Engineer: 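Questions regarding the structure given below will be posed in turn.
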Amino acid sequence: MNDKIFIFHLSSFYIMRYKFAVLTLFAALTFVEATSAPGHIFNAEKNVDYALNKPLEEGDVIRAWGVYRDHTTSKFSVNIKGQDGINLLHVDFRPWNNVVVLNDYEDGWKTEIRPWFSKYNFSWNTLFEVKIEVHEGHYRIFFNGEELRRRFPLRIDIRKADHVTLLGGSNGFKWSALKLPNNKTAPGTEAPFSTTKEKKNFLDRPLAVGDKLKAWGIYATGSVKFSVNLMMEEDFHFMMHVDFRPPPNENKVVLNSRKKYGWETEIRTPIPRFENGKVFSVTVVCLEEEFEVYHDNQVLGAKFPYRDGFRLEDVKFVWLLGGSRGMMWTDLAISQPRPDLNTPGSGTKIFTEVTDTLTTKSEIFTEERTETTEGITTETTTYRPYSGVTIDFGSDGSETKIFTEVTDTLTTKSETFTEERTETTEGAPPPRPSCKGDEFTCKERCIPSTWRCDGETDCWKGEDEKECDKKEIKPF
């Protein structure tokens, strides 16, 4: 991530009620502008602003983790903030006063909501989690999975939110990790998704050589063993079991497989270093004859072979197991690069790489079709697919060809490109679409009027970029 760092000074005035004392605090905050959304849990620090990956909306979840020191720890908070000092939600834990203060700030602090919260909910040097859910009309706040006694209303438009800030704490307290709402439209074949331990994460298609699985978690000191598992149809068939056993256990990573009648021979390798409250990742790469396992992008000391009776394509789901004392699995990404879809031959269609998700008008899909009759003819057509639109590609002799959109991202073996061909002897084109008043009518579809004469061809025949010198220009 190419972060841009901005340092600024904030002067905050806290006026004590019913007293004539004013305390001025100066704090140096760091703003981290994310240029790409990680989509998974990441290490975080207090007094740092983390940019949201997307506009905040109903259904979004923000999760923050910290390590509590002891009851001398002063107040600390999770804040959803906007520009110009706006604070949409201020969740301020005050253990010494057995309360959580909920409030917002826009041209001044508003009325507080103070649900009771015992300081004994915290444990010495123990990891905890704060979760904020965005709902219609209110926020719901959770501590270690338990909802606070009060909810907080949406007083400020959530569209004003653009970053999250973790503040406060003292005497060894630290914020350690954060997970922001994922940008669901972000391109890429490794888009992480949320998961939990013991959840069965089923594969969309069989595993193949070159596939990669990556799991993220957050470690808690004293956690018992935890594992990443590639499972067959039944729960007792483990093609590969990667079991981390940190101190005070065996201080090893154990690799093994399990069939119906029991575990097979273990392979043991030294365990990597884990740190309380810190994020870690485990990556499994499928090679030709074995798995290669990484911890935080560092390869473990041993590879694991595909053992007799197990086939890579028989793996059905990924199972993340174990952990205690606050340790948890949080995210999983399954990267399955598009394989070579067959070879040229009679009637065989070969499709080249598709750019990302094909959601913008600048993305191009290229079809290469090889047909065998008496000789070999190769035809290449380049066009732009649009959701739910049938495109007329004109006539080739007496033939009219009509193609539908490409399905999803064409990143997996099971995803296909659908071609529908209409052939007519007279070459009759399909009817023009019926467009709205704020749309421009192409031969094959409707486009926003703002795309007219913008220097980029959006209609297949280029109608939107013709006669642009005659386009009406309205004065401001």
Side-chain angles (χ1 to χ4, degrees), residues 38-46 50 60-69 76 78 91 93 121-133 140-148 164 166 169 173-182 190-202 213-231 235 241-249 253-254 271-284 293-297 317-334:
H40 57 76
I41 187 174
F42 58 91
N43 288 321
E45 300 175 4
K46 66 179 182 180
Y50 294 96
D60 282 344
V61 177
I62 295 169
R63 301 170 70 183
W65 289 264
V67 177
Y68 185 74
R69 179 62 179 177
F76 45 91
V78 181
V91 182
F93 291 87
N121 286 315
F122 294 98
S123 299
W124 178 82
N125 202 33
T126 300
L127 184 70
F128 67 88
E129 178 193 12
V130 178
K131 182 173 70 172
I132 299 171
E133 295 180 352
R140 296 177 66 186
I141 300 99
F142 298 78
F143 178 85
N144 286 345
E146 296 291 331
E147 186 175 5
L148 299 188
V164 173
L166 307 175
F173 168 90
K174 63 179 179 181
W175 288 109
S176 60
L178 184 64
K179 183 178 180 183
L180 302 178
N182 191 15
E190 286 189 64
F193 56 89
S194 295
T195 189
T196 58
K197 65 180 181 180
E198 300 184 3
K199 178 181 178 181
K200 297 179 180 179
N201 303 280
F202 286 91
L213 305 100
K214 188 170 186 177
W216 288 265
I218 184 167
Y219 180 73
T221 297
S223 177
V224 297
K225 61 182 184 178
F226 45 93
S227 61
V228 177
N229 304 275
L230 303 188
M231 306 297 299
D235 293 353
H241 170 67
V242 184
D243 193 22
F244 294 87
R245 302 178 182 180
N249 296 301
V253 180
V254 176
I271 198 168
R273 181 176 179 269
F274 291 92
E275 185 177 347
N276 192 27
K278 291 298 183 180
V279 176
F280 68 93
S281 65
V282 178
T283 304
V284 177
V293 184
Y294 294 78
H295 169 267
D296 286 346
N297 301 319
F317 61 95
V318 181
W319 216 3
L320 307 176
L321 297 175
S324 62
R325 296 183 62 84
M327 177 271 161
M328 64 182 67
W329 294 105
T330 62
D331 302 281
L332 180 65
I334 303 174

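Please read these numbers as outputs of a predicted model, since none were measured by experiment. In this chain, residues are counted from 1 in sequence order.
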Engineer: Any side-chain heavy atom of V293 sitting closer than 4.5 Å to one from V253?
Structural biologist: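 Answer no - side chains too far apart.
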
Engineer: I would like to know whether K214 and V228 meet side-chain contact (heavy atoms from CB on, under 4.5 Å); could you show each step before the answer?
Structural biologist: CA-CA 10 Å; K214 188 170 186 177; V228 177; over 6 Å; no

Engineer: To the nearest 0.5 Å, how far apart are OG1 in T283 and CG in L213?
Structural biologist: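 Going from the OG1 atom of T283 to the CG atom of L213 covers 9.0 Å.
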
Engineer: Salt bridge check: are E129 and K131 linked by an N-O gap of less than 4.0 Å?
Structural biologist: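 Salt bridge absent between E129 and K131.
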
Engineer: Are the ring centres of Y219 and F244 closer than 6.0 Å?
Structural biologist: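 Judged by ring-centre distance (under 6.0 Å), Y219 and F244 do not meet the cut-off.
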
Engineer: Just wondering, are more than 12 heavy atoms of other shown residues or ligands nearer than 6.0 Å to CD in E147?
Structural biologist: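 Yes.
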
Engineer: Considering all heavy atoms of both residues, which atom of K200 and which atom of W319 are nearest to each other, and what is their separation?
Structural biologist: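 What the structure gives for the nearest pair is CG-NE1, 3.8 Å.
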
Engineer: For the atom pair CG (D60) and CD1 (I132), what is the distance rounded to the nearest 0.5 Å?
Structural biologist: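 Output value for this atom pair is 11.5 Å.
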
Engineer: Less than 4.5 Å apart, any side-chain heavy atom of R245 and any of V254?
Structural biologist: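 Heavy-atom side-chain distance check passes, below 4.5 Å.
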
Engineer: Given side-chain contact (heavy atoms from CB on, under 4.5 Å), test T195 with T330 step by step and report yes or no.
Structural biologist: CA-CA 5 Å; T195 189; T330 62; over 6 Å; no

Engineer: Show the nearest heavy-atom pair for residues V67 and S176, with the distance to one decimal.
Structural biologist: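 Smallest interatomic distance, heavy atoms only, reads CG2-OG, 4.4 Å.
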
Engineer: Counting the benzene-type ring for Trp, do W175 and F173 have ring centres under 6.0 Å apart?
Structural biologist: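 For W175 and F173, the ring centres are under 6.0 Å apart.
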
Engineer: Just wondering, do T221 and N125 contact through their side chains at under 4.5 Å, heavy atoms?
Structural biologist: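 Answer no - side chains too far apart.
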
Engineer: Is any side-chain heavy atom of D331 closer than 4.5 Å to a side-chain heavy atom of K179?
Structural biologist: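 Yes, close enough: below the 4.5 Å cut-off.
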
Engineer: Looking only at heavy atoms, what is the nearest atom pair of P272 and F274, with distance?
Structural biologist: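 Scanning both residues completely, I find the closest heavy atoms to be O-CD1, 3.5 Å.
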
Engineer: Measuring from atom CD of E133 to atom CD1 of I62, what distance do you get when rounded to the nearest 0.5 angstrom?
Structural biologist: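 Interatomic distance, E133 CD to I62 CD1, rounded to 0.5 Å: 11.0 Å.
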
Engineer: Quick one: does K46's side chain get under 4.5 Å of F76's, heavy atoms only?
Structural biologist: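 No. Closest side-chain heavy atoms not under 4.5 Å.
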
Engineer: Please report the closest heavy-atom contact between L321 and W329, naming both atoms and the distance.
Structural biologist: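 Closest pair (atom of L321, atom of W329, distance): O-NE1, 3.2 Å.
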
Engineer: Does the separation of the ring centres of Y68 and F143 fall below 6.0 angstrom?
Structural biologist: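 Ring-ring flag for Y68/F143: false, centres at least 6.0 Å apart.
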
Engineer: Let me see the working for N201 and K199 under side-chain contact (heavy atoms from CB on, under 4.5 Å), right down to the final yes or no.
Structural biologist: CA-CA 6 Å; N201 303 280; K199 178 181 178 181; 3.9 Å; yes

Engineer: Quick one: closest heavy-atom pair of G277 and I218, and the distance?
Structural biologist: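 Minimum heavy-atom contact is O-CD1, 3.4 Å.
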
Engineer: Start with the C-alpha gap between M327 and F226, add the side-chain angles, then the distance that decides, and say whether side-chain contact (heavy atoms from CB on, under 4.5 Å) holds.
Structural biologist: CA-CA 9 Å; M327 177 271 161; F226 45 93; 3.8 Å; yes

Engineer: Does the N43 side chain pair with the main chain of A177, one donor and one acceptor, at a distance under 3.5 Å?
Structural biologist: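 No; judged by distance alone, with no hydrogens or angles, the pair does not exist.
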
Engineer: Is the closest side-chain heavy-atom distance between S123 and F128 below 4.5 Å?
Structural biologist: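 The answer is no, as the side chains (C-beta and beyond) never meet within the 4.5 Å cut-off.
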
Engineer: Would you indicate whether the side-chain heavy atoms of L332 and P192 approach each other to under 4.5 Å?
Structural biologist: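 SC-SC contact between P192 and L332 ruled out.
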
Engineer: Has D296 got a side-chain atom pairing as donor or acceptor with S281's backbone, closer than 3.5 angstrom?
Structural biologist: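 Pair found, side chain donor or acceptor close to backbone of S281.
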
Engineer: Please examine the side chains of V78 and L166, heavy atoms only from C-beta on, and report whether any two atoms are closer than 4.5 Å.
Structural biologist: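 The answer is yes, as the side chains (C-beta and beyond) meet within the 4.5 Å cut-off.
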
Engineer: Any chance you could measure Y50, atom OH, to L180, atom CG, to the nearest 0.5 Å?
Structural biologist: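 The CG atom of L180 is 9.5 Å from OH of Y50, to the nearest 0.5 Å.
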
Engineer: Can you measure from NZ (K174) to NZ (K278) and round to the nearest 0.5 angstrom?
Structural biologist: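 Answer rounded to 0.5 Å: 5.5 Å.
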
Engineer: Do you know the tightest heavy-atom contact between N276 and A220?
Structural biologist: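 Nearest pair, atom of N276 first, then A220: OD1-CA, 3.4 Å.
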
